[in-house]
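So the structure is just underneath, and the comments pick up after that.
Along the sequence shown, residues are numbered consecutively beginning with 1.
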Amino acid sequence: MIGLRRPHRLIQRISGQTYLWLAILIFGASSAVTRKLTEIGSHHFIDGRNPISLCNVLFVGNLCALMVLLLIYGRQWNKATLKQLSRKDWVGLTAVAILSGAVAPGLIFQALALTGVNNVILVGRLEPPLTLALSVWLLKERVNFWEFMGAIAAFVGVTLTILLQPPGETMMNMGGLQVGVGEILVAVGSMAVAVSTIIGKKYLSQIPLGIYSIFRTALGTVIFFFFALGLYGQDHFADVLSPFLWKWMFLYGTLIVVVGQSFWLKGLRSSTVSMASLVGSFTPIAGIVAAYLILGEAPTLAQYIGGSVILIGIFLSQVGIRRQASRRSAFSKVDSTQAEQKVEAGVGFKGI
């Protein structure tokens with residue numbers, strides 16, 4: 001019996017890792033696919049408007065993600081579970097939904113219109129070191145030497161990526177330095193996600209994963225919709241029901257949202273925190289390769305320099321995580337809200 005159990009466990013472990021790798025490949029391509037869709041839409045204007053605008057992609061993509069989450073976690077939304085949530089829990093969930101469900105993705109999608117996909121991917125790596133710093137400062141969490149050095153290296157790499165950018169049209173002067181507007185938007189979006197992660201760790205660690213994910217996606221989508229209407233006008237989503245938009249969003253929704261999210265959740269359920277974190281750390285590499293293959297966007301000198309330092313930081317951080325493998329949390333399954341937040345903090349933008 002023991003001999004039969006071991007191959008079975010090995011198959012389950014390999015299966016979980018395979019799902020994670022497939023999900024990371026899909027998530028890594030999300031930014032490049034999003035940019036490509038808007039380029040396609042720019043050649044098929046409707047009354048002078050791009051039907052596949054970034055806002056339309058984000059809004060419809062979130063609706064697709066919400067449907068997937070409802071299918072997977074819908075059973076958790078029952079009266080008995082909801083009654084256990086306090087007013088404090090709902091306030092925390094609302095704050096997280098605003099920051100990570102509306103503000104962050106909105107800023108990142110806007111950045112895609114202003115700067116290169118590789119810049120969005122690399123500057124987005126600001127999120128893990130920010131989350132780590134806030135965890136140490138506000139939550140008094142302890143980190144080992146390797147994680148600390150990895151965070152420092154990642155921060156330096158992001159800074160180099162921003163500061164070494166060649167002059168462009170969407171640049172602004174900040175204390176004598178020319179900084180890209182798109183890069184600033186990504187940095188602010190990363191800060192919003194980092195703050196939401198801290199709120200989740202401190203106040204929402206006991207919230208069921210399904211309630212957390214569905215509420216964040218649903219409320220974030222609604223808030224983004226009304227925020228975009230107020231910022232851009234009532235006609236901003238005029239083409240949201242366009243057949244041309246939905247034809248391409250069916251591809252985006254199926255590949256990036258449905259398949260990607262399903263693989264990700266399936267992989268998380270059968271993987272440990274340390275393994276999921278390791279696989280997730282390859283997201284920027286997958287993103288840069290996808291940007292080249294899909295858009296022909298080769299890395300610039302600034303991206304090579306900054307990206308190399310960021311990769312060093314990722315490597316050092318993973319050494320630190322493996323050093324903590326003796327702790328139970330590193331070997332535990334990713335089956336809680338807190339564990340998923342820990343993993344997703346190192347993955348970055350997943351296209352939704």
Side-chain angles (χ1 to χ4, degrees), residues 16 19-20 23-24 26-27 30 58-86 88-106 108 127 131 189 192-225 252-254 256-271 273 276-277 279-280 283 332-352:
Y19 279 121
L20 288 177
I24 290 305
I26 293 173
F27 292 151
S30 62
L58 176 56
F59 179 67
V60 178
N62 271 339
L63 291 179
C64 294
L66 182 59
M67 288 186 285
V68 174
L69 292 173
L70 285 171
L71 289 174
I72 297 174
Y73 294 117
R75 293 181 180 179
Q76 292 187 10
W77 279 78
N78 55 73
K79 291 183 179 180
T81 303
L82 295 177
K83 285 182 178 180
Q84 296 177 2
L85 302 183
S86 65
K88 186 178 180 180
D89 292 332
W90 288 112
V91 171
L93 284 169
T94 301
V96 168
I98 293 173
L99 291 171
S100 65
V103 175
I108 291 173
E127 178 192 334
T131 302
V193 175
V195 172
S196 73
T197 301
I198 297 303
I199 294 174
K201 284 184 176 182
K202 187 172 181 62
Y203 300 109
L204 306 177
S205 60
Q206 303 303 317
I207 302 295
L209 183 57
I211 292 178
Y212 175 87
S213 300
I214 292 174
F215 187 85
R216 178 183 62 179
T217 304
L219 184 60
T221 302
V222 172
I223 292 175
F224 170 77
F225 177 78
Y252 179 91
T254 301
I256 303 297
V257 179
V258 178
V259 177
Q261 189 77 357
S262 298
F263 282 178
W264 178 246
L265 295 173
K266 177 69 175 178
L268 287 180
R269 286 180 173 179
S270 55
S271 300
V273 174
S277 177
V279 176
T283 306
S332 62
K333 297 291 184 180
V334 190
D335 56 358
S336 68
T337 300
Q338 189 173 24
E340 188 195 34
Q341 289 170 343
K342 181 177 180 179
V343 173
E344 291 195 348
V347 176
F349 180 63
K350 304 201 304 296
I352 53 175

Self-check item: R216 versus S100, closest heavy-atom pair with distance
Solution: CD-OG, 3.1 Å

Quiz item: Residues in ring-ring contact (aromatic ring centres under 6.0 Å, His included) with F59, at least two apart?
Solution: F225, F237

Quiz item: Closest approach of I256 and F27, non-hydrogen atoms and distance?
Solution: O-CE2, 3.8 Å

Quiz item: Which atom pair, heavy atoms only, marks the closest approach of V193 to A104?
Solution: CG2-CB, 3.3 Å

Exercise. Specify the closest pair of heavy atoms between I199 and A95, including all atoms of both residues, with the distance to one decimal.
Key: CD1-CB, 4.1 Å

Practice problem: Verify side-chain contact (heavy atoms from CB on, under 4.5 Å) between L82 and W90, making sure each step is shown before the conclusion. | Solution: CA-CA 10 Å; L82 295 177; W90 288 112; 4.0 Å; yes

Quiz item: Going through the checks in order, is the side-chain contact (heavy atoms from CB on, under 4.5 Å) test met by Y212 and L204?
Solution: CA-CA 8 Å; Y212 175 87; L204 306 177; 4.0 Å; yes

Exercise. Could you pull out all residues at least two apart from W77 that satisfy ring-ring contact (aromatic ring centres under 6.0 Å, His included)?
Key: none

Exercise. Might you point out which heavy atoms bring S196 and L99 nearest each other, and give the distance in Å?
Key: CB-CB, 3.8 Å

Self-check item: Shortest non-hydrogen contact from G61 toward Y252
Solution: CA-CE2, 4.2 Å

Self-check item: Rounded distance (nearest 0.5 Å) linking atom OG of S213 with atom CG of L70
Solution: 11.0 Å

Exercise. With sequence neighbours excluded, tell me which residues meet side chain to side chain donor-acceptor pair (under 3.5 Å) with T81.
Key: N78

Exercise. Could you pull out all residues at least two apart from I223 that satisfy side-chain contact (heavy atoms from CB on, under 4.5 Å)?
Key: I98, A102, L219

Quiz item: To the nearest 0.5 Å, what is the distance between CG (N62) and CE (M67)?
Solution: 11.0 Å

Exercise. Show your reasoning for whether side-chain contact (heavy atoms from CB on, under 4.5 Å) applies to I26 and V259.
Key: CA-CA 8 Å; I26 293 173; V259 177; 3.7 Å; yes

Exercise. Only counting residues at least two apart or in another chain, list the ones meeting side-chain contact (heavy atoms from CB on, under 4.5 Å) with K88.
Key: S86, Y203

Quiz item: Can you tell if the side chain of Y73 reaches within under 4.5 Å of the side chain of I211, non-hydrogen atoms only?
Solution: no

Quiz item: By side-chain contact (heavy atoms from CB on, under 4.5 Å), which residues pair with Q84, not counting sequence neighbours?
Solution: none

Quiz item: So L20 and W264, side-chain contact (heavy atoms from CB on, under 4.5 Å) or not? Walk me through it.
Solution: CA-CA 5 Å; L20 288 177; W264 178 246; 3.7 Å; yes

